[in-house]
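Working notes for the structure below.
Below, each value reflects all heavy atoms present in this structure, side chains not excepted, and no hydrogens, waters or symmetry copies.
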Amino acid sequence: MSFPLLTATAALPAIGAVATAAVPAARRTAAKWLALAFSLGTLVLAGIALARFEPGGSLPQSQLGSTGGTPYQLTESHAWIKDFGVRYELGVDGIGIALMALTALLIPFVILAGWHDADPLETNSSRWRPTQGFFALILMVEAMVILSFEATDVFLFYILFEAMLIPMYFLIGGFGDRAHTGSDENAAAQRSYAAVKFLLYNLVGGLIMLAAVIGLYVVAGSFSLSEIAEARANGTFSMATGTERWLFLGFFFAFAVKAPLWPLHTWLPNAMGEATAPVAVLITAVVDKVGTFAMLRFCLQLFPEASKWATPVILVLALISIVYGALLAVGQRDIKRLIAYASLSHFGFIILGIFAMTSQGQSGATLYMVNHGISTAALMLVAGFLISRRGSRLIADYGGVQKVAPVLAGTFLIGGLATLSLPGLAPFVSEFLVLVGAFAAYPAVGIIATTGIVLAAIYVLVLYQRTMTGPVKAEVQGMADLKARELVVVVPLIALLLFLGVYPKPLTDIVNPAVRHTMSDVQKKDPQPEVEAAK
């Protein structure tokens, strides 16, 4: 039997979480280095998986059914709960492998950025926080997210989809941002509120999805994506229209909460605002991608007719997310909440690309998931370094930072420009493809979506102007510039933004075959341009 590479990639951070949690309380620094070592090992395994992945090399065309067959590689399949037909079944397509690599890439930077976030609040104080637990929880989230990108058994995916809420709950509620304007008791109450709201919203979505998962098994007799696709291709399985639509709604609701999509988004600003900057990155750049990824893997592949049926409403919700999120970002006074609302707008673009049902839109949506993860990580982590120096999240408490900390200001600017999708940086390619795909199928939708670009320029540039330019405020007069550890976090992310901005081909080569397979599942073809006949 070949080496179970996908299992190993997910198992290594899980083992690291246990090992990190077991480090004696007095050896906090050792726990940090151990967590970093396991995250780097996971990155190596993800890199090996990426190197072994062959774009477009799933099955020969002769073996693909009318729905496109299975696009999965590096597959593993073992019996798990035989009486209920549940299997431990893994496999990755171009979309899954790209997001798995993104997760493995970001976690070492998250750990380095949060190096001191779980240190004791005061020297020799009873207000001790379990440093080992902080890093163990991060590794556990990484393990569950990676495995969710690999799972091709619906029930296995559901277990992971719900289980990752537990470590995230403790990361938000137990290790909140220290830059809080109120009392310690008020800060703890705000963290608790944000964590409970995150948990309840996602639990409700998960419970609705559970009913849909059970319904899928009743009508399909299997949880395996490959078996369901094969039965559909052979003509031995089909769903009644009404049944398919109800099941689709159950799955989509859960994914829309996780994504997040308006109006199910309200947990996001609270969670990102109260969490530490690295945990905020974990939320929006890693965990939330499971929702948009699942729309592609499960909604479109399992329920193609229902996906087309629901498209008009979903496009409207995506447009509202784009415009509403950007407008709220313009009016924010809190740096982290501004980035949270900007992410809401960006997720609207991702969902717009998915449900535009064009190859450009879906390729752009997948690239957007990757590029948004990198750009948001860069911006949020630099914002976290800024906030930790001043001790405030309020924009009004800053001014003139670029004169005292030019490197910090410069990296903050690049992260902001990536967020507004400046040409030459990676998110521009994604947003351009999404808009091209939307214009091709729904011109009016594409026109409205472009307002998000204008609003993004406003909130990013105003944020930079108010915090980095102008007279130097007394409170930031002695602010230190980025240190070596912080530069190690930020510089590689900026380099990736530049590289993928001018040369996205390595990523598009991986993603495009999976997108073509998804398009065949929903039986959609790209609209042909209308060319007037020569007179």
Side-chain angles (χ1 to χ4, degrees), residues 103 106-107 110 114 117-118 129 133-134 136-145 148 158-180 186-210 252-294 321 324-325 328 332 334 336-348 350-351 372-373 376-377 380 384 393:
T103 302
L106 290 181
I107 296 301
V110 167
D117 285 354
R129 300 199 294 182
F134 178 76
L137 289 169
I138 291 175
L139 289 175
M140 188 55 68
V141 171
E142 178 183 23
M144 292 178 180
V145 170
S148 69
Y158 170 76
I159 295 297
L160 298 165
F161 186 83
E162 291 288 82
M164 69 180 67
L165 301 179
I166 300 171
M168 286 305 306
Y169 169 81
F170 288 109
L171 283 170
I172 297 169
F175 301 91
D177 193 350
R178 301 183 188 187
H180 202 283
N186 183 52
Q190 290 294 326
R191 288 198 302 270
S192 177
Y193 172 77
V196 170
K197 190 173 184 179
F198 164 83
L199 186 64
L200 288 179
Y201 267 66
N202 284 275
L203 274 179
V204 170
L207 289 174
I208 293 174
M209 180 184 169
L210 176 60
F252 180 80
F253 183 86
F255 303 152
V257 172
K258 182 86 77 180
L261 178 68
W262 184 92
L264 305 171
H265 70 283
T266 59
W267 61 267
L268 180 67
N270 297 100
M272 289 184 64
E274 297 304 322
T276 64
V279 173
V281 170
L282 200 61
I283 294 169
T284 190
V286 177
V287 173
D288 287 355
K289 297 301 188 301
V290 176
T292 47
F293 163 79
S321 290
Y324 177 77
L328 288 182
Q332 285 302 306
D334 183 309
K336 290 170 70 179
R337 289 179 72 92
L338 185 151
I339 298 173
Y341 281 114
S343 290
L344 171 63
S345 183
H346 296 152
F347 275 104
I350 294 171
I351 296 170
H372 170 264
T376 299
M380 179 60 84
R393 307 196 313 243

Under 3.5 Å side-chain donor-acceptor pair for Tyr324 and Ser345: no

Taking every heavy atom of Leu106 against every heavy atom of Ala377, the minimum-distance pair comes out as CD2-CB, 4.0 Å

Sequence neighbours excluded, which residues qualify as side chain to side chain donor-acceptor pair (under 3.5 Å) partners of Thr284? Ser343

How far does CG of Leu268 sit from CD1 of Ile339, to the nearest 0.5 angstrom? 11.5 Å

Check residues 253-265 and write down every donor-acceptor pair under 3.5 Å in which the side-chain atom is one partner and the other belongs to a residue at least two apart or another chain.
from   : atom 1 : to     : atom 2 : distance (Å)
Lys258 : NZ     : Phe161 : O      : 3.3

What pairs with Phe198 under ring-ring contact (aromatic ring centres under 6.0 Å, His included), at least two apart in sequence or on another chain? Trp267

Check Ser148 against Leu160 and note the closest heavy-atom contact, atom names and distance. N-CD1, 3.6 Å

Quick one: CE on Met380 to CG on Leu338, what's the gap to the nearest 0.5 Å? 9.5 Å

So, using side chain to side chain donor-acceptor pair (under 3.5 Å) as the criterion, who are the partners of Ser192 when residues are at least two apart? none

With heavy-atom distances below 4.5 Å as the criterion, would you say the side chains of Val141 and Leu137 are in contact? no

Does Glu162 reach the side chain of Leu210, with side-chain heavy atoms less than 4.5 Å apart? no

Charged N-O contact under 4.0 Å between Glu274 and Arg393: yes

Measuring only between side-chain heavy atoms, which start at C-beta, is Met272 closer than 4.5 Å to Lys336? no

What are the two closest non-hydrogen atoms of Ala280 and Ala275, and how far apart are they? N-CB, 4.1 Å

State the CG-NE2 distance between Asp288 and His372, to the nearest 0.5 angstrom. 8.5 Å

Let me check something: any side-chain donor-acceptor pairs from residues 163-176 under 3.5 Å, sequence neighbours excluded? List them with distances.
none

Out of the candidates Leu344, Ile350, Ile351, only one should pair with Ser321 under the side chain to side chain contact (heavy atoms under 4.5 Å, CB included) rule; please name it. Leu344

Please enumerate all residues that pass side chain to side chain contact (heavy atoms under 4.5 Å, CB included) together with Val110, with sequence neighbours excluded. Ile138, Pro278, Val281

Between Val287 and Met144, is the side-chain contact (heavy atoms from CB on, under 4.5 Å) condition met? List the steps. CA-CA 9 Å; Val287 173; Met144 292 178 180; over 6 Å; no

